[in-house]
Engineer: 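Take this structure, written in structure tokens, and hold onto it; I'll ask about it next.
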Amino acid sequence: MTAADSAEAQRYDPRAIQEKWQARWAELDSFRASDDPADPRERAYLLDMFPYPSGDLHMGHAEAYAIGDAMARYWFQLGRNVLHPIGWDAFGLPAENAAIRNNAHPADWTYANIETQAESFKRYAVSFDWSRRLATCDPDYYRWNQWLFLRFYERDLAYRKDGYVNWCPKDQTVLANEQVINGRCERCGTEVVRRTLTQWYFRITSYADQLLADAAELEGKWPDRVLLMQRNWIGRSEGVEVEFRIEGRDEPVTVFTTRPDTLYGATFFVLAADSPLASELCAPDRRDQLQAYVEDVRKLTDIERQATGREKTGVFLGVHAINPVNDEPIPVWAADYVLPDYGTGAIMAVPAHDQRDLDFALAFGLPVRVVVHTGLADPAETGVATPGEGELVNSGPLDGLSKGEAITRIVQLLAGKGLGRTAVNYRLRDWLLSRQRFWGTPIPIIHCPACGEVPVPEEDLPVVLPDLRGADLAPKGVSPLAAATDWVNVACPKCGGAAKRDTDTMDTFVDSSWYFLRYCSPHYDQGPFDAEQVRRWAPVDLYVGGVEHAILHLLYSRFFVKVLHDMGLTEFREPFTRLLNQGQVINGGKAMSKSLGNGVDLGQQLAAHGVDAIRLTMVFASPPEDDIDWADVKPEAMVKFLGRAYRLAADVAAAGPAAAGTAAADGSVDLRRVTHHTIDEVTRLIEAYRLNVTVARLMELVTAARRTIDTGPGAGDPAVREAAEVLAVLLSVFAPYTAEECWELLGREASVAKAGWPQADPDLLVAESVTCVVQVNGKVRDRLEVAPSVAEDDLREAALSAPGVIRALGGQSIRKVIVRAPKLVNIVAN
RNA sequence: GCGGGCGUGGCGAAAUAGGUAUACGCGCCAGGUUUAGGUCCUGGUGGUGGCGACACCGUGGGGGUUCGAGUCCCCCCGCCCGCACCA
């Protein structure tokens, strides 16, 4: 039979195969994780970041889940007891906006989309344990958000304060710092403005040092850039706090500085214009000026405020601070370049050695005093500050010292007088978690005029959302919940008097900060999770998802787990042992978007090429962490390859019903070598997430088997059957439908997904001969086929007499011969 | 501005530990199967020169270390990402 005949006889029909196996698999239910403590299999937890149910699955999902599923299915093949769950991140704005448009309840839209996605996941053949599915908008889920909030509240990790917060004018809600991207709302792209509001926060800053320290554990297991981004975001900064007396005030004002060595160069003092301290210290005759300035500052969006090269602005407050090292009075200014929520909101300004201070000094004619001799030109004249190191000058007892010496000395001096101490500051701010929107978890607090903040008693949880819909949900700047008066007005749990519920809802990142723990016992009703099950399954062994969560979700989840650990609820302090960030699917060099009209519809792609070809395209196109440009990619090529794999199995089946386990040893040794090499290499490649190369190796195996069929031994050769069976198992992690069909053609019983990963025979991994490269002066001049065990001397001799070598030498004298048996000889001649 | 990463054929990309550069796929060329097209199969395909065996050049550019560099070191150029007045 020729290959062409076989093509005619066996047509690869992905659609028919999909329909057939989707039904059969539903019965087999192969991917259920076992909670049985007696189950001897090694447990493994693979998690894909759960989707937001905004519609049907899209191309990005197709890539992410193809990668995660390949790893999960590989683990199943290794015989592990794998937890591979799925759920939905189901609270959030799009549902609410859709509900307003359609005069409906957000739940209708949300649950309908969840059903759509669930069906798509099944068709996409992802190996989920469907018995554990959850949605964060289920009261059974979000009651535990409320429970956790109350535990945080008890521990003083949840608190309410007035703050100068990020406000999205379009979505009419506050945003966490992490949700402001380049001054714009992460969700809708609107420019964020600032507002002063009373809001709930999680005290994530209490864990800043732990978040930083434990990141070291993740080194080599998480992508470097994610760890780097988290470190930068936390922004630890070591410095010194120095107390400055203020004229006419009893209490000193503390500043934070990383350059205490330049203290003698401080020529003025700056307060954040919008800090309470600025208005307090302001001289009465300057009040109006300050107020006008602060109003101007607040009108600025973050974008404007952060514009580079913006001119420095500020107001002199009419008072002076006293430099503690020399009792020199320096003027106190208010300016917006000092931030109210970093350090103490006050700085000593050293214009000679800090560019921002210099810009300010030059704008307002303030003195510039050089106290570090850097050898560079005078900053007052060049306008360029000299932040570098050098010898201290004009600094009294510090003169002549280096930066390091000066810092040590000044800290001693200040500490002796009780005017300073070393200190650490973080860029990280507390997590603002309240939102003025409907479709989220109600904050379980009751405000009582008599008792103040009163937690909702545990037995009253969950606080279920009232049944608002349509126009009632429209954003008004206060939470829509406030309009549900029946819901809002309650008796105070403490005193029984009239009280009101808190009307804000939680940031949806609260939901996703612990969902991976809920999967371990999704129906548990005594707490957010069964600690026993969590102890067995968690932490997550491999977490697969996009890098867009490098800070937000991943930092929040790490914070949650640390708190839970301190509460005694988990034994681990890091939620995700390993992290794999897949790239994005783009089109024509750009992210897919409606406005560009370059969107690619996943459903159409699946209909056109079949699930397996799309899954294979996703893993073959590039390394998992790189973007895939759909314009550069040809799913047709994958259909072609899958057809070749399918025909291989079909030809083996047609050649005769050789029983499983036929002595493969009787077959073609050359092919067996390829097969076992493939097993060996593919195993290592998958372990390293090198999925694109893995697929290349499978293609080579198919080619080798086909060549064996065509060049003599034929499809009946036991080595060909072995190759076909191995291929079906290896292929099952990427292309489950085709693999299952091949497996059945080969006379094996479903499911190939649980067939077991093949073992490479070590005897077949030893090459019979290897190609030795012979170089002359580093250039390849000949090749020799030699035994792997060839002796160095024999190899040297063979190399020196190789024809290509003799020609290249042309009588030159040999200076040196480097032999790296058995692969290389380099002859140095001149 | 600060921090980090990346530059390999026409394209997506391979290259254990410094040892055959370009695996695999796309595209292209030629041939086979086919009434034809498509499918499928086989072979070829970095550049320049040569009928040819071959020779020279070649991993963004320049230098260095080494018997040997895509890989290590230094400088430069280009692109991408993160942070962005954090004292």
Side-chain angles (χ1 to χ4, degrees), chain A residues 2-8 11-12 181-183 223-233 235-237 239 255-259 262 270 272 302 305-310 312 335-339 341-350 354-357 359-360 425-429 547 550-551 616-617 620-623 626-629 631-634 636-641 643-644 647 681 684 688 690 692-700 703 706-707 710 771-780 782-783 804 807-808 815-820 823-829:
Chain A
T2 69
D5 290 339
S6 107
E8 208 52 47
R11 198 175 220 101
Y12 172 63
I181 311 294
N182 293 329
D224 288 343
R225 67 170 167 159
V226 173
L227 291 176
L228 186 75
M229 281 165 72
Q230 292 217 348
R231 289 193 178 107
N232 290 344
W233 190 261
R236 183 188 155 93
S237 172
V255 301
F256 174 76
T257 177
T258 53
R259 291 297 301 276
T262 62
V270 189
D302 272 21
R305 189 163 174 172
Q306 289 167 6
T308 46
R310 210 176 121 240
K312 290 282 183 286
D336 67 352
Y337 84 93
V338 173
L339 307 176
D341 51 359
Y342 182 79
T344 60
I347 64 156
M348 63 172 204
V350 184
D354 182 287
Q355 190 61 48
R356 298 156 297 183
D357 296 343
D359 292 343
F360 193 86
N425 252 294
Y426 295 95
R427 213 189 72 105
L428 182 70
R429 309 294 149 88
V547 74
I551 293 175
L616 211 50
T617 303
F620 181 64
S622 66
D626 288 7
D627 287 351
I628 297 172
D629 193 332
D632 292 337
V633 138
K634 281 273 191 319
E636 293 86 347
M638 299 302 107
V639 178
K640 186 170 150 184
F641 163 64
R644 276 160 56 85
R647 279 189 303 279
E681 217 186 337
R684 281 180 286 127
R690 313 263 321 274
N692 55 328
V693 188
T694 304
V695 176
R697 296 295 167 262
L698 299 187
M699 290 172 169
E700 288 172 318
T703 301
R706 173 55 59 192
R707 185 164 295 140
D710 290 347
T771 304
C772 176
V773 171
V774 187
Q775 300 176 331
V776 175
N777 291 334
K779 286 181 179 167
V780 182
D782 214 330
R783 292 182 170 81
R807 186 170 51 231
R815 282 205 311 200
K816 193 167 164 190
V817 180
I818 288 123
V819 183
R820 295 280 178 275
K823 293 189 72 174
L824 179 130
V825 177
N826 189 15
I827 298 160
V828 185

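Protein chains get the first letters and strands the later ones, always in sequence-line order, with residue 1 at the start of each. Below, each value reflects all heavy atoms present in this structure, side chains not excepted, and no hydrogens, waters or symmetry copies. Note that the structure is a prediction, hence the values are computed from the model and not measured.
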Engineer: Side chain of Arg707(A): nearest nucleotide among A87(B), C26(B), G43(B)?
Structural biologist: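 For Arg707(A), the side-chain atoms sit closest to G43(B).
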Engineer: Any strand is fair game: report the nucleotide pairing with G49(B) by Watson-Crick or G-U wobble, both distances under 3.5 Å, or none.
Structural biologist: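 Here G49(B) is engaged in a pair, and the nucleotide opposite it is C54(B).
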Engineer: If we call it a pair only when both distances are under 3.5 Å in a Watson-Crick or G-U wobble match, what pairs with G78(B)?
Structural biologist: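 G78(B) is paired with C6(B).
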Engineer: Return the nearest nucleotide to the side chain of Leu824(A); candidates are C26(B), G19(B), G82(B).
Structural biologist: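 Among C26(B), G19(B), G82(B), the one nearest the side chain of Leu824(A) is G19(B).
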Engineer: Using atom C1' in both nucleotides, what's the gap between C26(B) and G32(B) to the nearest angstrom?
Structural biologist: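 To the nearest whole Å, 22 Å.
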Engineer: Which nucleotide, in any strand shown, forms a Watson-Crick or G-U wobble pair with A23(B), with both distances under 3.5 Å?
Structural biologist: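 In the structure as shown, A23(B) has no Watson-Crick or wobble partner.
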Engineer: Determine if the base of G9(B) is syn or anti; take syn to mean the glycosidic torsion is within 90° of 0.
Structural biologist: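 Classified syn.
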Engineer: Can you figure out which of U16(B), G19(B), C11(B) approaches the side chain of Ile818(A) most closely?
Structural biologist: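 Side chain of Ile818(A) sits closest to G19(B).
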Engineer: Report the base-pairing partner of C40(B) (Watson-Crick or G-U wobble, both distances below 3.5 angstrom), or none.
Structural biologist: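 G32(B) - that is the nucleotide pairing with C40(B), both distances being under 3.5 Å.
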Engineer: Between the base of C85(B) and the side chain of Lys312(A), is there any donor-acceptor pair under 3.5 Å?
Structural biologist: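 Yes, a donor-acceptor pair under 3.5 Å.
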Engineer: According to the Watson-Crick and G-U wobble definitions, with both distances under 3.5 Å, which nucleotide is paired to A14(B)?
Structural biologist: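 With both distances under 3.5 Å required, A14(B) matches none.
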Engineer: Among the nucleotides C85(B), G25(B), U20(B), which one has an atom lying closest to any side-chain atom of Met638(A)?
Structural biologist: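 Looking only at heavy atoms from C-beta outward on Met638(A), the closest nucleotide is G25(B).
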Engineer: Pairs under 3.5 angstrom, nitrogen or oxygen only, protein versus nucleotides 57-59 of chain B, please.
Structural biologist:
{"from": "C57(B)", "atom 1": "OP2", "to": "Lys779(A)", "atom 2": "NZ", "distance (Å)": "3.0"}

Engineer: Output a table of nitrogen or oxygen pairs between the protein and nucleotides 46-54 of chain B separated by less than 3.5 Å.
Structural biologist:
none

Engineer: Would you state whether a donor and an acceptor, one from the side chain of Arg820(A) and one from the base of G19(B), lie under 3.5 Å apart?
Structural biologist: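 Indeed there is one.
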Engineer: Could you please name the option among A87(B), A84(B), C24(B) that lies closest to any side-chain atom of Arg427(A)?
Structural biologist: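 Closest nucleotide to the Arg427(A) side chain: A84(B).
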Engineer: Reckon Lys823(A) has a side-chain N or O less than 4.0 Å from the OP1 or OP2 of G19(B)?
Structural biologist: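 Indeed not, no polar side-chain atom of Lys823(A) lies that close.
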Engineer: Is the base of A23(B) syn or anti, if syn means a glycosidic angle within 90° of 0?
Structural biologist: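 Anti conformation for A23(B).
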Engineer: Between G82(B), U20(B), C85(B), which one does the side chain of Arg783(A) approach most closely?
Structural biologist: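 Side chain of Arg783(A) sits closest to U20(B).
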Engineer: When rounded to the nearest 0.5 angstrom, what is the spacing between OG1 in Thr617(A) and CD in Glu636(A)?
Structural biologist: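 Answer rounded to 0.5 Å: 8.5 Å.
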Engineer: Side chain of Val828(A), heavy atoms from C-beta onward: which of C67(B), A23(B), G25(B) has the nearest atom to it?
Structural biologist: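 In terms of side-chain proximity for Val828(A), the closest of C67(B), A23(B), G25(B) is C67(B).
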Engineer: Please state whether the rings of Tyr342(A) and Phe256(A) are parallel, tilted or perpendicular, taking 30° and 60° as the class boundaries.
Structural biologist: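 It falls in the perpendicular class, over 60°.
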Engineer: Select one nucleotide: of A13(B), A87(B), C40(B), the one nearest the side-chain heavy atoms of Asn692(A).
Structural biologist: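 Within the option list, the nearest is A13(B).
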Engineer: Would you compute the distance between atom CZ of Arg259(A) and atom CG of Asp357(A) and round it to the nearest 0.5 angstrom?
Structural biologist: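 Rounded to the nearest 0.5 Å, the CZ-CG separation comes to 11.5 Å.
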Engineer: Does the pair Arg706(A) and Arg647(A) meet the rule for a side-chain contact (heavy atoms from CB on, under 4.5 Å), with working shown?
Structural biologist: CA-CA 9 Å; Arg706(A) 173 55 59 192; Arg647(A) 279 189 303 279; 4.1 Å; yes
Engineer: From the options A87(B), G3(B), U42(B), select the nucleotide whose nearest atom is closest to the side chain of Ser237(A).
Structural biologist: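 Of all the options, the side chain of Ser237(A) is nearest to A87(B).
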Engineer: From U16(B), U20(B), G25(B), pick the nucleotide closest to the side chain of Gln775(A)?
Structural biologist: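 That would be U20(B).
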Engineer: Please determine, for U59(B), whether a Watson-Crick or G-U wobble partner exists with both distances under 3.5 Å, and give it or none.
Structural biologist: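 Result: none.
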Engineer: Could you tell me which nucleotide pairs with C83(B) by Watson-Crick or G-U wobble geometry, both distances under 3.5 Å, or answer none if nothing does?
Structural biologist: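 Pairing partner, where one exists within any strand: G1(B).
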